[in-house]
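Whatever order the structure lists them in is the order used to number ligands and atoms, beginning at 1.
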Amino acid sequence: MGEGPLNSTRKQNAALSFDRAARLYDTAAGVQHAVGHRLAERIERLDLPVRPMVLEIGCGTGLFTRAALGRVEPSLWLATDISPAMVIHGRERFRFHERVLFACMDGEAPAAVPGFDLVCANLAVQWFDDLAGALERLVRLIRAGGWLAFTTLAAGTFAEWVDIHRRLGLVAGTPAYPDQAGLARQLPPGGWGNVTEEVLSHVYPDAHAFVAALKTIGAHTTDRPPLAPGAFRQVLRSFGVGRPVTVSYHIAYGLWRKQSNGER
Ligand SMILES: C[S@@+](CC[C@H](N)C(=O)[O-])C[C@H]1O[C@@H](n2cnc3c(N)ncnc32)[C@H](O)[C@@H]1O
């Protein structure tokens, strides 16, 4: 594997949780699917060579991979994920696609040979322990003039859920996602890029459905200890049981280009 002290308990828990979720992931990944399509549209507009070599980080079951392959024809698309079960599902989905290969890899410790035209990731890097360090390592794998393109969650995500907790004197397990400017500061040196933001509002049938969707896709692990059952029931009731609830996703799009040879 690559470098770095990257085996935190949080990461191991998240990987286990995604592993368990792989079988049913697609049934509850509406937001990931929608965002994957938006990222694929942006990638299609990049100045990429014909038949680019692509490395994907955190591919999951291949939802974004499929969206992107509708728009980009690669010479090789190497789809990687930290969860072996996700890799197995993705590999199965693309078993007839000879230019798509799957491998298990921690995106924070990339073990691949440099030379990619594009490194991309849809809604995966919010799970990294050290985003700036990881991006620096990832862009070493990009050739001069190549691209990094990713989506992640920004501050404001799940604000409604966090707010209900606050009103009840509780603290939600939602991570403190960085804001757009904070994310832009984490883009690596050696190139130029920006981070833009878009808010997607997703309506769930009720609070139980929101929590169930996070669990089904494996995205429910948190650093905080769980609430006592009574307090959690109170949160659910206050958020909305038996009536639709709206949850905001602040989606950050990071696009970055490595400087070309000859540029300083
Ligand atoms: C919300 S899912 C997104 C999956 C897929 N990109 C999609 O659009 O459906 C996040 C994925 O990131 C993976 N992941 C989390 N941490 C990772 C890491 N350090 N390296 C590689 N993959 C990681 C998880 O296993 C999971 O499959």
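Residue E108 has no N or O atom closer than 3.5 Å to an N or O atom of ligand 1. Between G58 and ligand 1, a contact under 3.5 Å exists for at least one N or O pair.
The NE2 atom of H33 lies 12.5 Å from the CG atom of L123; values are rounded to the nearest 0.5 Å.
Taking the side chain as every heavy atom from C-beta outward, H220 and V211 never approach each other to under 4.5 Å. No side-chain heavy atom of M53 sits under 4.5 Å from any side-chain heavy atom of R143.
For R23, the CZ atom sits in a loose shell: 12 or fewer heavy atoms of surrounding residues, nucleotides or ligands are nearer than 6.0 Å.
Between the side chains of N13 and T221, not a single donor N or O lies within less than 3.5 Å of an accepting N or O. Y177 and Q126 share no donor-acceptor pair across their side chains, judged by distance under 3.5 Å alone.
Under the 4.0 angstrom criterion for non-hydrogen atoms, M105 is in contact with ligand 1. Distances shorter than 4.0 angstrom occur between a heavy atom of C59 and an atom of ligand 1.
Here the protein heavy atom with the shortest distance to atom 8 (O) of ligand 1 is N122 ND2, 2.8 Å. The protein heavy atom nearest to atom 15 (C) of ligand 1 is W127 CB, 3.6 Å. Scanning all protein heavy atoms for the shortest distance to atom 10 (C) of ligand 1 gives L123 O, 3.4 Å. Atom 22 (N) of ligand 1 has I82 N, 3.3 Å as its closest protein atom, hydrogens excluded (heavy atom only). Summary of contacts: the protein heavy atom closest to atom 3 (C) of ligand 1 is Y25 OH, 3.2 Å. Here the protein heavy atom with the shortest distance to atom 25 (O) of ligand 1 is D81 OD1, 2.6 Å.
With ligand atoms numbered from 1 in the order given, ligand 1 contributes 9 (O) to contacts under 4.0 Å with heavy atoms of L63. Per-residue contacts place G107 under 4.0 angstrom from the following atoms of ligand 1 (heavy atoms of the residue considered): 18 (C), 19 (N), 20 (N), 21 (C). Ligand-side atoms of ligand 1 in range of S83: 25 (O), range being under 4.0 angstrom from any heavy atom. Close approach to D106 involves these atoms of ligand 1, each under 4.0 Å from a residue heavy atom: 18 (C), 19 (N), 20 (N). Close approach to A124 involves these atoms of ligand 1, each under 4.0 Å from a residue heavy atom: 12 (O).
By the side chain to side chain contact (heavy atoms under 4.5 Å, CB included) test, T222 pairs with R224, sequence neighbours left out.
For D26 and R66, the salt-bridge test fails: no basic side-chain N is under 4.0 Å from an acidic carboxylate O.
Taking the six-membered ring wherever Trp is involved, the centroid distance between the rings of F158 and Y249 falls below 6.0 Å. Between W127 and F18, the distance separating the two ring centers is shorter than 6.0 angstrom.
Under 4.0 Å from ligand 1, not a single heavy atom of A15 appears.
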